[in-house]
There are 2 protein chains.
Amino acid sequence: MNNQQRSTQTKNSITDAATLLFARDGFESTTVAGICERAGVSKGAFYYHFESKEAVFLALIDTWLATLERTLTEVTFQAENVPEGLLEMAGMMQPVFENNRFFMGLFLELWTHTNRNEKVRQATITPYRRFQDTFTNLIKDGIGQGAISDVDPEIAGQLLLSLSSGLFLQASLENEQENWGKKMQDCIQIILDGLKRRN
Amino acid sequence: MNNQQRSTQTKNSITDAATLLFARDGFESTTVAGICERAGVSKGAFYYHFESKEAVFLALIDTWLATLERTLTEVTFQAENVPEGLLEMAGMMQPVFENNRFFMGLFLELWTHTNRNEKVRQATITPYRRFQDTFTNLIKDGIGQGAISDVDPEIAGQLLLSLSSGLFLQASLENEQENWGKKMQDCIQIILDGLKRRN
DNA sequence: TCCTAAAAACCGACCGGTCGTTATGTTATT
DNA sequence: AATAACATAACGACCGGTCGGTTTTTAGGA
């Protein structure tokens, strides 16, 4: 194994371990020693690759949000019919809901520190805006298709984004895993009945 | 000042300071020394009144949720007409949104630790269920009034609850304070247009 | 191909400081 | 005098980060 391979491999070990621990225990309660132990590397290796514990967190944000964004656009872009697309999207959230404990850990951790750490805020805000735009544009498309009534696209987009995050938040409270994908579909259906143009 | 007064006063100083710091900095980053300093008491006083740092947090959860529940029921119970009541309620959330940074700090802190601490979960889950029921019953009332179409009240209630928390979450990301009460009204209006029975 | 020196990657003991909690002493109320 | 309420200093565990040293890879000449 050459140096490049070795380097990226340990770096990945560290980020994987850090992701898991940050999600499970939170940033503050996660120790560098704990990350190293789980990653199977030493502190020396850790600080060779990262400047600080915070630096790992910052580096991870980009990865997380990029993954989320990729998933989102994958699901939504293939929507010819916007209302149908939204319902499909809701259904495809099921696996995310099933791993809710993990994702919610990350999500909450990110949100918490966005409100407390300016660097985190900067790293989060731009992708977040794009999420907003994605939803807004989706509504615009729907209006253009004539499938959605003439509402303010920004408001409706915000409604959808809020519903998603809110429902996600609720799901984390429940212990037994219900069919949240279905639940989300039902919610969107209710909203759609209002958004759909009526003749 | 007699002993009882003195006791409750210092206890209140401690809980007030703790609330502020927990909301601002989070549980882990809040130090007992910091709480004591802000409360103007000594560590001795702190540990005379509370068993541990966690105990203060646990004690505060009840207070927070009770306050939230009181506010919520105050706003919703005077609703003769459910759709109107919902819109009113949304408007009355404005002051909450204005103090968003503070409330969101508490909210996120509570949610985070609900997913990580069984005691916190136990303290949170019961009031949360009541929130759910409040919204569900609101929808039921609306259906009974004939003002809301025949949807599953639990789903619709969850929709409203998710929207509330989700929108609240969004608001915390924005630096400039917009008129979030209005925004929430708009969202609810969109949903209502779907929930309202159409002739 | 083999040897070697430099560079990269990694190790782990250790340090300075912090933090929750406690033990002991002091003041105010009963 | 007895007890409740509070103050202060100290303890011990822990944690992020450092530093001197070791191992592994790389590069280049013989």
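Below, chain A is the first sequence line, B the second, and so on; all start at residue 1.
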Taking atom C1' of dT30(C) as reference, at what distance in whole Å does atom CG of N3(B) sit? 7 Å

Minimum-distance nucleotide to N2(B) side chain [options: dT30(C), dA9(C), dC6(D)]: dT30(C)

Restricting to non-hydrogen atoms, name the atom on F103(A) and the atom on V96(A) that form the minimum distance, rounded to 0.1 Å. CD1-O, 3.8 Å

dG17(D) phosphate, OP1 or OP2: any side-chain N/O from Y47(A) under 4.0 angstrom? yes

Residue mapping more 5' on DNA chain C - nearest nucleotide basis, A33(B) or R6(B): A33(B)

Check whether any side-chain nitrogen or oxygen of S7(B) sits under 4.0 Å from OP1 or OP2 of dA5(D), and answer yes or no. yes

Could you tell me if D186(B) and Q158(A) have a donor-acceptor pair between their side chains, going purely by distance under 3.5 Å? no

Residue S52(A), side-chain atoms from C-beta onward, closest of dA5(D), dC15(D), dG17(D): dG17(D)

Can a donor-acceptor pair be found between the side chains of Q189(A) and Q185(A) at a distance below 3.5 Å? no

Phosphate OP1/OP2 of dA9(C) contacted by T10(A) side-chain N/O (<4.0 Å): no

Angle, rounded to 10°, between the helical axes spanning five pairs at each terminus of the helix from dT1(C)-dA30(D) to dT30(C)-dA1(D)? 10°

Contact nearer the 5' end of DNA chain C, comparing V32(B) with K43(A): K43(A)

Has H49(A) got a side-chain N or O lying under 4.0 Å from the OP1 or OP2 atom of dC10(C)? yes

If I take atom CD in residue Q5(B) and atom P in nucleotide dC6(D), what distance separates them, rounded to the nearest angstrom? 12 Å

Across the strands shown, which category fits T8(A) at heavy-atom distances under 4.0 angstrom: base, sugar-phosphate, nothing? nothing

Rounding to an integer number of Å, can you tell me how far L21(A) CG sits from dG16(D) P? 11 Å

Quick one: E28(A) CD to dG20(C) C1', roughly how many Å, whole number? 16 Å

Just wondering, do N99(B) and M104(B) contact through their side chains at under 4.5 Å, heavy atoms? no

How close or far is atom P of dG16(D) from atom CD1 of I14(A), stated in whole angstroms? 14 Å

Can you measure from OG (S13(B)) to NE2 (H49(B)) and round to the nearest 0.5 angstrom? 9.0 Å

Rounded to whole Å, please give me the gap between OH in Y48(B) and P in dA23(C). 17 Å

Without decimals, in angstroms, what is the distance between F46(A) CZ and dA8(C) P? 21 Å

Using a heavy-atom cut-off of under 4.0 Å over every strand shown, decide if S29(A) touches base, sugar-phosphate, or nothing. nothing

Nearest whole angstrom, please: distance from the P of dA4(D) to the CE of M1(B). 18 Å

Please enumerate all residues that pass side-chain hydrogen bond (donor to acceptor under 3.5 Å, both in side chains) together with D141(A), with sequence neighbours excluded. none

Please check if any side-chain donor atom of S172(A) sits under 3.5 Å from a side-chain acceptor atom of W111(B), or the reverse. yes

Cation-aromatic face contact K11(B)/F50(B), 6.0 Å, 45 degrees: yes

